[in-house]
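The block underneath contains the structure these notes are about, expressed in structure tokens.
All of these numbers come straight from a predicted model, not from anything done at the bench. Here is the naming used below: chain letters follow the sequence lines, and residue numbers restart at 1 for every chain.
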2 protein chains.
Amino acid sequence: MNFMVSEFAMDKGNIIEEEDGDGEIQSFFNSAPPLRNNGNDINAKLECFNEMNINGGRRRRRRRIVCVTSGGTTVPLEQRCVRYIDNFSSGHRGATSTEYFIKAGYSVIFLYRRGTFQPFCCSLPDDPLLQCFQLTDDESHIKVQDSYSEAVKRAIADHHSAVKNGFLLKLPFTTIFEYLQMLRMIAISFNKHGPNAMFYLAAAVSDFYVPWQTMAEHKIESASGPLNMQLAQVPKMLPVLRQHWAPKAFLISFKLETDSKILLKKAAAALEKYKMDMVVANELSTRKEEVVVVTRTENIRVRRDMNLDVDDDVEHPLIQLLVQRHSTHINTNSDLC
Amino acid sequence: MNFMVSEFAMDKGNIIEEEDGDGEIQSFFNSAPPLRNNGNDINAKLECFNEMNINGGRRRRRRRIVCVTSGGTTVPLEQRCVRYIDNFSSGHRGATSTEYFIKAGYSVIFLYRRGTFQPFCCSLPDDPLLQCFQLTDDESHIKVQDSYSEAVKRAIADHHSAVKNGFLLKLPFTTIFEYLQMLRMIAISFNKHGPNAMFYLAAAVSDFYVPWQTMAEHKIESASGPLNMQLAQVPKMLPVLRQHWAPKAFLISFKLETDSKILLKKAAAALEKYKMDMVVANELSTRKEEVVVVTRTENIRVRRDMNLDVDDDVEHPLIQLLVQRHSTHINTNSDLC
């Protein structure tokens with residue numbers, strides 16, 4: 001069955017009305033500045049992605065799918081935005097995980113913050129064009145420096161092949177308003193995949209924001225002494241994702257803290273409160289070495305393997321574990337497929 | 001004469017003590033987290049840059065020099081930083097202007113926010129590695145797509161040549177603390193160049209910040225309702241730059257507003273108050289088309305030339321104007337050289 005763009009438009013209002021007794025979420029979406037072109041470009045891309053991965057494009061078997069969110073969202077402080085609050089995230093976790101998901105046979109929607117790490121490019125320098133390339137001696141051509149040659153070739157080959165085969169759809173965001181609207185569109189479109197769909201919510205999402213209507217139109221004046229700001233809480237979207245947008249999907253959220261003493265407690269609380277399938281707990285200073293996957297029955301410590309000849313990422317064993325648990329989720333819920 | 005690293009260390013304390021009666025600036029610098037390696041790497045680079053451009057590396061005549069600042073500074077809200085306030089700036093103005101300064105015979109220190117536009121690369125797509133390159137048909141090599149071939153070759157050739165010849169020194173920053181410490185180091189080191197030195201302060205610098213000592217150590221909790229933040233004003237550094245760090249240099253600051261009604265008035269006020277040589281006034285929505293250069297005697301409207309076959313940048317006529325005025329400044333102050 002084709003996934004019609006018009007279904008989104010018709011469904012959206014009802015879904016939100018049902019989900020939200022106090023109107024907090026409804027009000028967030030109603031007041032958000034609309035996506036460019038009302039999100040029609042994104043809907044068209046999602047339709048195409050879902051179609052390929054449900055019907056397998058005639059040539060291939062149905063693939064599992066995952067939406068990986070990556071990087072931080074911003075909160076504008078002015079409507080004609082000069083200043084904003086940002087959440088730190090390089091996007092390294094999301095980009096690396098996307099590679100492992102694709103290798104494990106998933107098709108990935110990579111919902112990422114503009115300018116953050118991209119899948120297949122994490123091992124390259126910050127500015128690969130200027131740092132990896134040089135002119136040939138006769139200045140007639142560009143060439144890759146020998147030390148980067150293999151890494152650059154592999155990055156371009158793997159990235160282009162994933163996009164071309166429909167295994168990777170990249171959708172960029174900047175603000176919290178864009179992120180949540182796009183996440184909702186993806187989630188509703190994933191409904192068709194039942195338990196085959198996973199959400200891997202690694203993005204660092206703003207907790208506080210200035211509602212669009214109460215925001216200063218112009219740049220805030222700096223001449224009049226200290227600045228007092230009151231920020232409202234962003235309504236929690238995880239319960240809505242669980243209950244209304246993608247009730248059958250396998251949901252993994254992340255909890256980042258800088259204080260290890262409260263980390264596992266907060267991860268367990270999020271698991272319970274938002275009815276996630278798993279919460280990945282990570283502490284800022286050790287997040288590249290180890291994470292703890294918190295489930296209802298156990299806490300599983302996952303560490304990167306430092307004995308290998310080539311240094312491993314913590315995302316390698318992490319995605320292996322999640323893929324296994326997703327299989328169990330699919331088998332348990334096979335009547336929902 | 002060599003510019004010794006130790007001179008910085010010895011001078012720093014005295015210069016700041018003199019400059020600041022009420023201790024506001026002293027307190028800002030004292031409380032700022034120190035630069036990596038105490039800034040010794042940066043000092044060594046500055047020493048080398050200044051040496052080449054004063055003595056001309058034996059081979060060339062003395063060049064004029066300019067420090068171009070570019071991109072926005074961040075203000076951390078937590079010491080182990082997860083959230084921060086950012087100032088929007090792509091760095092396009094600073095990067096493009098740097099190219100024109102180098103073409104006009106200047107050596108440039110490009111003090112830029114990590115991840116923003118780089119000189120010679122402004123016309124390329126956001127992600128040149130993934131968007132401009134592809135594998136050859138036999139998958140053995142990487143090649144540039146034909147449509148980008150000339151632009152990519154020119155970017156790499158011009159950039160590498162400028163760096164190799166000592167005409168371009170790139171220094172990245174992220175936070176307001178890094179930016180102001182580095183600006184001070186550059187300014188003090190530029191003293192040797194007298195009126196031959198210019199500052200082109202295009203960076204979008206935070207007006208408000210949280211002093212390091214009063215900052216939360218850990219991530220701010222999101223569970224306890226709305227967030228009230230009180231931000232202090234960043235002490236104004238332009239008067240200190242004028243009076244103490246680089247009194248003989250040609251100083252150009254920028255004024256960005258979203259409200260055109262107050263723009264010129266605020267630019268003129270900044271010119272007067274901070275004793276700049278010129279203030280470039282730009283309005284957010286038209287900043288790529290035109291700017292107004294405000295001096296003590298006139299307001300000069302500078303527009304990009306849209307009649308050329310190849311679209312021009314507003315930075316082209318802007319830098320031409322500034323170079324002329326800098327010549328006048330040098331001639332007027334030739335006793336200071």
Side-chain angles (χ1 to χ4, degrees), chain A residues 72 74 76-89 114-115 118 120-121 124 126-130 132-135 139-142 144 149 152-153 155-157 159-160 204 206-208 217-220 222 225-234 256-259 262 284-285, chain B residues 72 74 76-89 114-115 118 120-121 124 126-130 132-135 139-142 144 149 152-153 155-157 159-160 204 206-208 217-220 222 225-234 256-259 262 284-285:
Chain A
T74 70
L77 299 178
E78 298 132 336
Q79 284 188 6
R80 303 192 194 184
C81 180
V82 176
R83 299 189 186 91
Y84 53 90
I85 298 183
D86 205 343
N87 270 39
F88 166 76
S89 172
R114 280 183 187 84
Q118 295 296 295
F120 306 110
C121 300
L124 298 176
D126 279 356
D127 194 340
L129 183 74
L130 295 178
C132 302
F133 290 86
Q134 62 189 44
L135 286 190
E139 304 202 346
S140 64
H141 289 89
I142 303 154
V144 191
S149 175
V152 167
K153 208 165 81 185
I156 293 174
H159 178 273
H160 289 8
S206 316
D207 295 306
F208 302 104
E217 184 187 350
H218 289 295
K219 189 179 165 190
I220 298 166
S222 64
L227 177 67
N228 283 301
M229 279 198 308
Q230 194 175 44
L231 300 168
Q233 277 192 289
V234 174
L256 172 75
E257 292 292 338
T258 58
D259 184 353
I262 58 172
L284 191 64
S285 61
Chain B
T74 69
L77 299 178
E78 298 131 337
Q79 285 189 4
R80 304 193 192 182
C81 180
V82 176
R83 300 189 185 91
Y84 53 91
I85 299 184
D86 205 343
N87 269 39
F88 166 75
S89 172
R114 281 184 185 83
Q118 294 297 296
F120 306 109
C121 300
L124 299 176
D126 279 355
D127 193 340
L129 183 75
L130 295 177
C132 303
F133 290 86
Q134 62 189 43
L135 285 190
E139 304 201 346
S140 64
H141 289 90
I142 303 154
V144 191
S149 174
V152 167
K153 208 165 78 185
I156 292 174
H159 177 273
H160 289 7
S206 316
D207 296 305
F208 303 104
E217 183 187 350
H218 290 295
K219 190 177 165 191
I220 298 165
S222 65
L227 177 67
N228 282 300
M229 278 197 309
Q230 194 175 42
L231 300 168
Q233 276 191 289
V234 174
L256 172 75
E257 292 292 337
T258 58
D259 185 353
I262 59 171
L284 189 64
S285 62

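The closest side-chain heavy-atom distance from A:R83 to B:F88 is not below 4.5 Å. Residues A:I85 and A:L77 have side chains in contact (heavy-atom distance under 4.5 Å, counting atoms from C-beta outward). Counting only heavy atoms from C-beta outward, the side chains of A:L231 and B:N228 never approach each other to under 4.5 Å. Contact annotation: the side chain of B:V234 never approaches that of B:D207 to less than 4.5 Å [non-hydrogen atoms, C-beta and beyond].
Qualifying ring pair (Phe, Tyr, Trp, His ring centres under 6.0 Å) partners for B:F133, counting only residues two or more places apart in sequence or in other chains: A:F133. A search for side-chain hydrogen bond (donor to acceptor under 3.5 Å, both in side chains) contacts involving B:S206 returns B:T73, not counting sequence neighbours.
Each of A:K153, A:Q118, A:Q134 has some count of heavy-atom pairs under 4.5 Å with chain B, and the biggest count is that of A:K153. For chain B, the option among A:S89, A:S140, A:S149, A:G115 with the highest count of heavy-atom pairs below 4.5 Å is A:S140. With chain A as partner, the option from B:I142, B:L135, B:D259, B:L130 having the largest number of non-hydrogen pairs under 4.5 angstrom is B:L130. Between chain A and the options B:D127, B:I156, B:D86, the largest number of non-hydrogen pairs under 4.5 Å is found for B:D86.
Looking at A:E139, the atoms closer than 4.5 Å to chain B (heavy atoms on both sides) all sit in the backbone: N, CA, C or O. Interface remark: A:C132 contributes no atoms to any contact with chain B (heavy atom separation under 4.5 Å). Proximity to chain A involves both the backbone and the side chain of B:V152, based on heavy atoms less than 4.5 angstrom apart. Heavy atoms of B:A204 lying under 4.5 Å from chain A are absent altogether. Residue A:D126: no heavy atom, backbone or side chain, is found under 4.5 Å from chain B.
The shortest non-hydrogen separation linking A:A155 to A:F120 is CB-O, 3.1 Å.
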